2 protein chains.
Amino acid sequence: MQRPGGRSARVRSAVHTAVLELLEARSWEELSVPLVAEVSGVHQATIYRRWGTMSALLNDVVNEWSATTASLPSTGSLRDDLHIYAAAVAKSLRDGSVPLILRAVVLEIRPGERHRASPAFAERERQLQLMLDQSAERGESVPTLAELLELVVAPLYFYALFTEPMAEAEAARLVDRLLDIVARRGPNTPEVTS
Amino acid sequence: MQRPGGRSARVRSAVHTAVLELLEARSWEELSVPLVAEVSGVHQATIYRRWGTMSALLNDVVNEWSATTASLPSTGSLRDDLHIYAAAVAKSLRDGSVPLILRAVVLEIRPGERHRASPAFAERERQLQLMLDQSAERGESVPTLAELLELVVAPLYFYALFTEPMAEAEAARLVDRLLDIVARRGPNTPEVTS
DNA sequence: AAATTAATGCAAGGAAATTCGCGTTATGAT
DNA sequence: ATCATAACGCGAATTTCCTTGCATTAATTT
């Protein structure tokens with residue numbers, strides 16, 4: 001019989017908060033369970049028993065973070081929705097802690113093991129597909145999810161990881177290019193590729 | 001007075017080889033200096049003295065690897081060059097050890113510190129810019145470096161990191177889309193943006 | 001509110017990682 | 001060939017990380 005409420009929830013929250021604080025303040029390699037224990041006020045043994053490894057703890061933090069991230073906009077116009085979404089992603093990627101969370105996701109990749117999308121991204125993709133579907137029902141010509149990922153999301157993450165996070169204005173440029181391609185393909189939406 | 005040759009070079013090579021072996025064989029978090037020492041036959045203390053941390057060692061391996069990577073193609077046709085390049089990147093991203101090296105690059109990002117492109121990428125970008133310049137001199141209409149990065153390189157890395165590495169055929173699709181955009185913009189190359 | 005028992009705290013113990021002192025090897029200069 | 005010393009090997013000391021057994025707290029059931 002599990003006991004998710006009360007003290008356990010408080011401990012979980014304290015540990016998560018401490019991890020996020022440390023991710024912003026210290027460098028990656030000095031992040032450790034004993035440090036998190038000290039900052040959070042939770043005992044080491046508790047953290048080890050509940051999460052096992054630093055890596056698993058990071059993964060939990062990432063899932064929590066993605067779940068509580070603001071939901072997608074729904075203005076009735078795909079163009080507006082995408083602009084808002086792209087700006088939000090660009091902003092979050094500039095916020096400091098998010099690139100570090102990204103590193104946690106990257107660390108979860110195991111060699112050999114064919115890794116599906118990390119949970120954080122799976123949820124995001126589901127929401128994006130929903131946005132596209134709703135737009136299609138309104139009769140707009142919509143890009144595919146793959147196009148959205150490749151032309152908007154991928155560049156945002158690429159720059160954030162390897163060079164400098166994009167400015168929000170630049171992110172808008174990505175959306176415009178995507179919609180430009182879609183528009184040129186034809187305003188009347190053909191059959192959806194099954 | 002430094003002594004880069006002879007034994008030092010041999011030690012460096014043995015350690016690098018061991019790291020690459022371990023990156024392919026074991027999971028990320030069981031990678032450690034003592035393990036590298038055992039596999040390479042080089043003493044722990046030597047590794048600690050020369051590289052300091054596992055992270056710094058990984059960075060060194062990455063730089064070495066990028067320096068010895070095959071140079072870019074030069075067929076006389078930008079389209080062919082790009083297809084070959086994209087296929088090569090896609091292939092290397094499927095090869096197992098390279099995604100792991102990618103992680104090393106990502107891990108080098110320090111909080112706060114405004115990170116420019118890592119040396120490995122800076123060199124790659126230089127080579128790509130050269131390819132584009134040569135094509136422009138031949139009178140072809142060329143994309144900008146940013147366009148090439150955003151439309152071809154970014155999706156390749158995005159998929160490799162967060163879902164599944166792309167197949168080489170899919171990579172070709174990215175190149176076609178890029179060239180399609182460039183062609184529609186006008187076959188006559190305008191002034192180069194300074 | 002009494003009872004049951006997850007979940008945590010605590011402290012000691014063991015395991016792994018990192019550093020240090022010192023003797024040895026062999027590179028590069030003379 | 002000889003010399004000075006950078007770089008390495010070795011083993012021990014030290015620090016840090018992780019585990020384990022037991023006592024305590026408090027969430028949940030009755």
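The analysis underlying the following values was restricted to heavy atoms, covering all of them including side chains, and did not include hydrogens, waters or symmetry mates. Keep in mind it's a predicted model, so treat the numbers as computed, not measured. Each chain gets a letter, A, B and so on, in the order its sequence line appears, and its residues count up from 1.
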- With side chains defined as the heavy atoms from C-beta onward, is the minimum distance between A:Y159 and B:L149 less than 4.5 Å? yes

- Query: Quick one: B:L57 CG to C:dT18 P, roughly how many Å, whole number?
  - Reply: 12 Å

- For A:R10, the side-chain hydrogen bond (donor to acceptor under 3.5 Å, both in side chains) test, sequence neighbours excluded, returns none

- For DNA chain D, consecutive-pair runs of 3 or more (Watson-Crick or G-U wobble, both H-bond-type distances under 3.5 Å) give C:1-12 with D:19-30, C:15-30 with D:1-16

- Task: For B:R50, answer base if it contacts any base atom (sugar-phosphate contacts may also be present), sugar-phosphate if it contacts only those atoms, and nothing otherwise; contact means non-hydrogen atoms under 4.0 Å.
- Result: sugar-phosphate

- Round to the nearest Å and state the distance from B:R49 atom CZ to C:dT24 atom P. 15 Å

- Query: Can you pull the side-chain hydrogen bond (donor to acceptor under 3.5 Å, both in side chains) pairs that have at least one residue in residues 42-52 of chain B, sequence neighbours excluded?
  - Reply: B:W51-B:D60

- Query: What pair of heavy atoms forms the shortest contact from A:L22 to A:L31, and how long is it?
  - Reply: CB-CD1, 3.5 Å

- Side chain proximity check, B:P155 to B:L151, heavy atoms < 4.5 angstrom: no

- Where along residues 39-47 of chain B does a heavy atom come under 4.0 Å from DNA chain C, residue by residue in number order? B:Q44, B:A45

- Message: Just so I know, are the side chains of B:V153 and B:V89 near enough to count as touching, which here means a heavy-atom distance under 4.5 Å?
- Response: no

- Item | Atom pair distance, as rounded to whole Å: CE in A:M54 and C1' in C:dA17 | 18 Å

For nucleotides 27-30 of chain C, print each protein N/O atom paired with a nucleotide N/O atom at under 3.5 Å, atom names and distance only.
| residue | atom | partner | partner atom | Å |
| --- | --- | --- | --- | --- |
| C:dT27 | O2 | B:R3 | NE | 3.1 |
| C:dT27 | O2 | B:R3 | NH1 | 2.8 |
| C:dT27 | O2 | B:R3 | NH2 | 2.9 |
| C:dG28 | OP1 | B:G5 | N | 3.0 |

- Task: Sequence neighbours left out, what passes side-chain hydrogen bond (donor to acceptor under 3.5 Å, both in side chains) with A:Q134? Give chain and number order.
- Result: none

- Range on DNA chain D touched by chain A - first to last nucleotide, heavy-atom distance under 4.0 Å: D:dC17 to D:dT29

- Contacts of B:D80 that satisfy side chain to side chain contact (heavy atoms under 4.5 Å, CB included) - sequence neighbours left out: B:T75, B:S77

- Query: Residues two or more places apart in sequence or in another chain: which of them pass side-chain hydrogen bond (donor to acceptor under 3.5 Å, both in side chains) with B:R7?
  - Reply: none

- Query: Quick one: salt bridge (charged side-chain N to carboxylate O under 4.0 Å, His left out) pairs with a partner in residues 143-152 of chain B, sequence neighbours left out?
  - Reply: A:R173-B:E150, A:R177-B:E150, B:E147-B:R185

- Message: Which residues pass the side-chain hydrogen bond (donor to acceptor under 3.5 Å, both in side chains) test with A:D176, not counting sequence neighbours?
- Response: A:R79, A:H83

- Got a sec, which residues hit side chain to side chain contact (heavy atoms under 4.5 Å, CB included) with A:A18, two or more places apart in sequence or on another chain? A:V36, A:V39, A:S40

- Query: Looking only at heavy atoms, which two atoms of A:V142 and A:A136 are closest? And how far apart?
  - Reply: CG1-N, 3.7 Å

- Message: Rounded to whole Å, please give me the gap between CG in B:L31 and P in C:dT18.
- Response: 11 Å

